[in-house]
Amino acid sequence: MMTVLYFASLREAVGISREQLDCHASSLPDVASLIAQLRARNTSFAEALAPTKNWRVAVNQEMATHQTAIHSGDEIAFFPPVTGG
Amino acid sequence: MMTVLYFASLREAVGISREQLDCHASSLPDVASLIAQLRARNTSFAEALAPTKNWRVAVNQEMATHQTAIHSGDEIAFFPPVTGG
Amino acid sequence: MSVPIAPQTVVRIEVREADFDLNAELAAMQRGRTDIGAVCSFIGLVRDVNAGSSIDALTLEHYPGMTEKALTKIVAEASARWPLQGVTVIHRVGKLVAAANIVLVLVASAHRQAAFNGCEFIMDFLKTDAPFWKQENTETGLRWVDARESDTVALQRWNQN
Amino acid sequence: MSVPIAPQTVVRIEVREADFDLNAELAAMQRGRTDIGAVCSFIGLVRDVNAGSSIDALTLEHYPGMTEKALTKIVAEASARWPLQGVTVIHRVGKLVAAANIVLVLVASAHRQAAFNGCEFIMDFLKTDAPFWKQENTETGLRWVDARESDTVALQRWNQN
């Protein structure tokens, strides 16, 4: 089980802000494998998380990369470049 | 006639804050000649305006140098390096 | 990787909808101490025009939890680089109309250069690392604000220190 | 030699004994406009310790007339370098106790870097070019504050722009 969050324009593109993924950790060892699974769902996900798009990913509220390992219980978030301040 | 002002530690060293100098402009063509005349007065002035001392001079409220020309009616001020802010 | 907040730096970080009061935040930072020589503050506001469109208001979305973590990390880094006596960061979220306050960064130090540097450093990294997103109400509808290249460029000077 | 104040920059310069109110100055700068995106402020205060001595109070002397001229010249130069919307400079004179405000510089712009740069530039030149002098009340008597070499060094970076 892991929690996946989507923010801002990326949230609007995929149509949800939060979901629980019920999965075996072994099938999703890292951020790259999670992205592959999400993009396989439909064209909204495929386009929103395309490698050409300028999105960011955080694991447990720390900035992460494709190679970052993920585990059961983790919180993974996808979002566009930040624009606060 | 010109006005000479002294500020801060330099004012304390010479003992006055302001004076009117009644003089012919021709005898005091520039800041250097005014300094020479003031230093000739007594040791307080000689020391306070010694070339080795780190003082500043302004003519008509603009920063000036030894070479700056002075005229009747001018306001000349001597002071130490500034320390505001 | 992540440095702790320096023990001499009194830190206050808040993410909230409510507006802030600069005088009150300044007074809170100064209360009971007479060793502060310099306070630099920065306020970011909603401008009525951005990228060629007129703006009525904007909505600030954020990532609760990560926002506070990211701000704490940035402030800790600043407190390790300069001798800061106090840092306050308040960032608003929700709907903000034109001329409203968005963010306050207040930095106190014994000397002005540390206060200025700390404040600029925090703003520069807040702009690129803290998970906030602005959506503007323009004449032609809602528009997500694009990240600015100049904000990424601004970070480079801090690598040289 | 001397540049005029840029027409888009609303300037307020005051040298006075009375304290200032940051909120009031900020509100005055913002009144009736919604185009300001960034306000950087600097406040200098009387520290209780300087150069190893404990300070009860200090007296600020200035050169009336030249002070305002010098500040105007510095602000004009800043307004020529960056797109500033407003600049307020208030410098206090007379006797000021520990923790009292000495100087306020408030700079507004559409963007943060101009606001930060303008504010720092004005403070840097105020420190070296505006005719104010501080005399401290220390435990062992009155002492004129010495000019700091670091203030002269601080100016050098502005030559590179």
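Lettering of chains follows the sequences in order, A, B, ..., and the numbering in each one begins at 1.
With a 4.5 Å cut-off on non-hydrogen atoms, Ala108(D) does not touch chain C at all. Heavy atoms closer than 4.5 Å to chain D are found in both the backbone and the side chain of Ala110(C). For Ala100(C), no part lies near chain D; criterion is any non-hydrogen pair under 4.5 Å. For Leu106(D), no part sits under 4.5 Å from any heavy atom of chain C, backbone or side chain. Of the two parts of Glu120(C), the backbone and the side chain both hold a non-hydrogen atom closer than 4.5 Å to a non-hydrogen atom of chain D.
Residues Ala38(C) and Leu45(D) come closest through the heavy atom pair N-CD1, 3.9 Å. Nearest heavy-atom pair across Trp82(C) and Gly118(C) is CE3-CA, 3.9 Å. Taking every heavy atom of both residues into account, Asp129(D) and Ala70(D) meet most closely at O-CB, 3.7 Å. Between Val105(D) and Cys119(D), the shortest heavy-atom contact is O-SG, 3.7 Å.
Using a 4.0 Å cut-off between charged side-chain N and carboxylate O, Lys134(C) and Glu61(C) make no salt bridge. Look at Arg12(C) and Glu25(C) and you find a salt bridge, because one of the NZ, NE, NH1 or NH2 atoms lies within 4.0 Å of a carboxylate O, short of that distance. A salt bridge is absent between Glu77(C) and Lys73(C): the closest approach of a Lys/Arg side-chain nitrogen to an acidic carboxylate oxygen does not fall below 4.0 angstrom.
When each of Asn23(D), Ile43(D), Asp21(D) is checked for heavy-atom pairs under 4.5 Å with chain C, Asn23(D) comes out on top. Options Arg112(D), Arg33(D), Lys127(D) differ in how many heavy-atom pairs under 4.5 Å they form with chain C, and the most are formed by Arg112(D). Among Asp124(D), Val46(D), Ile55(D), Val107(D), the residue with the largest count of heavy-atom pairs under 4.5 Å with chain C is Asp124(D). Note on Val39(D), Val103(D), Asn50(D): by heavy-atom pairs under 4.5 Å with chain C, the leading option is Val39(D).
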